[in-house]
Amino acid sequence: MKKLADEGQPAKSELLKENVKENEVRRSEATMTEHDPLYSDRLAKLLRWRDKGIDPFTVTKFDCSHLASEIVSSFESLQGQTVRVAGRLTAFRAHGKLTFADLVDSSGRIQLMVRINTVGEEAYQQFGELDTGDIIGVEGVVTKTRTGEVTIEVFKFWLLAKALRPLPEKWHGLKDVEVRYRQRYLDLISNPEVRELFVKRSKIIQAIRRFLDERGFIEVETPILQPVYGGALARPFITHHNALDMDLYLRIAPELYLKRLIVGGFDKVYEIGRNFRNEGVDSRHNPEFTMLEAYQAYADYHDIMKLTEEMIAFVAQTVLGTTTIVYQEHTIDLTPPWRRVSLMEALKEFTGIDFREFRSDDEKARKIGKELGLSVEPTDHWGRVLDEALKKKVVPNLIQPTFLIDYPVEISPLAKRKPDDPTMTERFQGFIGGLEVANAFSELNDPIDQRERFEMQQKLRERGDTEAHPLDWDFVTALEYGMPPTGGLGIGIDRLTMLLTNSPSIREVILFPLLRPEE
RNA sequence: GCGCCGGUAGCUCAGUCGGCAGAGCACCGGACUUUUAAUCCGGGGGUCGCAGGUUCGAUUCCUGCCCGGCGCACCA
């Protein structure tokens, strides 16, 4: 058998000699400055490879014939054949002149077997120099061991990248939550279930796209940097554009741009993208989060409710193979149709209070809010107290999928009024497992009403409400050209992912959640 | 912002009622050609989150700070 390291590696050259010379310098530097023995040990190994003319970091590619899992699943047809796979070494079991090792690639794990009388003494010794964490490519024959495990008997291998730092422990994995978030790559390497979670997240988004694409929606991209933010009630991040010397806002929602597209004649549009809200961080909020917004012309909120429940059931069915999910201690059935309850009825059910009885009496609202144990500010108005009661008293009880419908106009500045009760809007929110996952309405398309609502928000702003909706004249202008009756929907992808992966915290479903920098 | 909990070896964790800092895995050396948390023998590895204070002596007690988790509050 051929010895390691001739083929697949760069030919020796002047460059190489220089590298070796450089290595001498680096080696002494390393031994002098690097005090971590685990690190310096691995660095020394790297330098030894280089001394032998093998520099893993000069390798630019490796052709694989199979993924690890393919070899295992197609053993019958691959037995005895030569295959090439690449991945990270995660474990060694050395037995003198025979070594087993585990190789992990994106598909899973496969066992390698290296025998001294197959690869030769020099290569066998070099294999022994490898560390867990190193990335290698191998060529070998598919076989089964005595215990029946599908294994590649290696006759050639290439070091493709050296790991200078050791991996977290193989058995317990990486548990330190802080390290898991700060160095997510380690989390992904050591905790397969985390990797699976993020694959699932990708599939959830894929399924949403498929669902909407099949219904004739087109996916669009609208500005993230916005001169006027809007579409939600939240505080924005502010940034600055130097060339135009203007402040810009990171969007808190894409809503107003998507509705401009409805004005422009796209009847079904959606966007999946990041929103930014300058608010606190907790287990349900990250300052940047992913939202789906979809708009359908000539539809109302009843159509959107149908769309929402069908979409989420479809996503669950596609990704999980079932519409019955387990979230924390609850078993939840996502099968449509979902329960529909009027917001006011729900408030009455869980607080015993009929908010309609003191609609214009802010003072009484604050008093009742306090009685309910809510935090109430002296400036709070009726709608604010109602919203607080909804979040604290009602939402935590909405475990099975529920649409709360018909929201007061005071807290819905972009939603169309109900024809039979202009103080209420055709708005709903969807709740699952005590989480708000959807917010939707028949879109307000009356430019005069929209302008008045903006002006109302402006008054709130002047009174110090930093989350009031800003005035967007350009959007009003768009409405003045005529927007068809339209239903719109927003779904929090992170929260939906939490539900479908049974994750208690939003940080578990965001690859790199916001943390304070170390030190 | 408040409360509770946590931060000890690369990782997972013990521990010290104030007196030389521990285990397993990982690592290094040795044995071993079918293991799979391989095994056996030997070895090295620590700013006990950071800074002060008390003390003969602090990883341990006290104070402050940093980072994180959970809950509450704020944002609303």
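Side chains included, hydrogens not; waters and symmetry mates left out as well; all remaining heavy atoms used. Order of the sequence lines sets the chain letters (A, B, ...), proteins ahead of strands, with each chain counted from 1.
To the nearest whole angstrom, the two C1' atoms, one in C25(B) and one in C66(B), are 30 Å apart. Rounded to the nearest Å, the gap between the C1' atom of A23(B) and that of G19(B) is 22 Å. Nucleotides G7(B) and U47(B), compared at atom C1', are 14 Å apart to the nearest Å. To the nearest whole angstrom, the two C1' atoms, one in C61(B) and one in G68(B), are 24 Å apart. Taking the C1' atoms as reference points, C27(B) lies 9 Å from G10(B), given to the whole Å.
When heavy atoms are screened at a 4.0 angstrom cut-off, Leu515(A) is found touching the sugar-phosphate backbone but no base atom. Note on Lys97(A): a base of the nucleic acid sits closer than 4.0 angstrom, heavy atoms only. Note on Arg507(A): only backbone sugar-phosphate atoms sit closer than 4.0 angstrom, heavy atoms only; bases stay farther off. Asp387(A) comes within contact range of no nucleotide atom at all, as no heavy-atom separation falls under 4.0 Å. Looking at heavy-atom distances under 4.0 Å, Arg115(A) makes contact with a base. Using a 4.0 Å heavy-atom cutoff across all strands shown, Ala234(A) reaches no nucleic acid atom at all. At a threshold of 4.0 angstrom between heavy atoms, the contacts of Lys45(A) are confined to the sugar-phosphate backbone, with no base atom among them.
Asp131(A) places its CG atom 6 Å from the P atom of C28(B), with the value rounded to the nearest Å.
There is a side-chain donor-acceptor pair under 3.5 Å between Ser412(A) and Arg427(A). With hydrogens and angles left out, the side-chain atoms of Thr99(A) and Tyr124(A) include a donor and acceptor closer than 3.5 Å.
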From CA spacing to verdict: side chain to side chain donor-acceptor pair (under 3.5 Å), Asp387(A), Tyr407(A): CA-CA 10 Å; Asp387(A) 199 33; Tyr407(A) 281 56; over 6 Å; no
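Here Arg93(A) does not reach the OP1 or OP2 of U35(B): none of its side-chain N or O atoms lies under 4.0 Å away. The side chain of Lys170(A) contributes no N or O atom lying less than 4.0 Å from OP1 or OP2 of A37(B). Not one side-chain nitrogen or oxygen of Lys175(A) sits closer than 4.0 Å to the OP1 or OP2 atom of G69(B).
The side-chain heavy atoms of Ile136(A) and Val138(A), taken from C-beta on, include a pair separated by under 4.5 Å.
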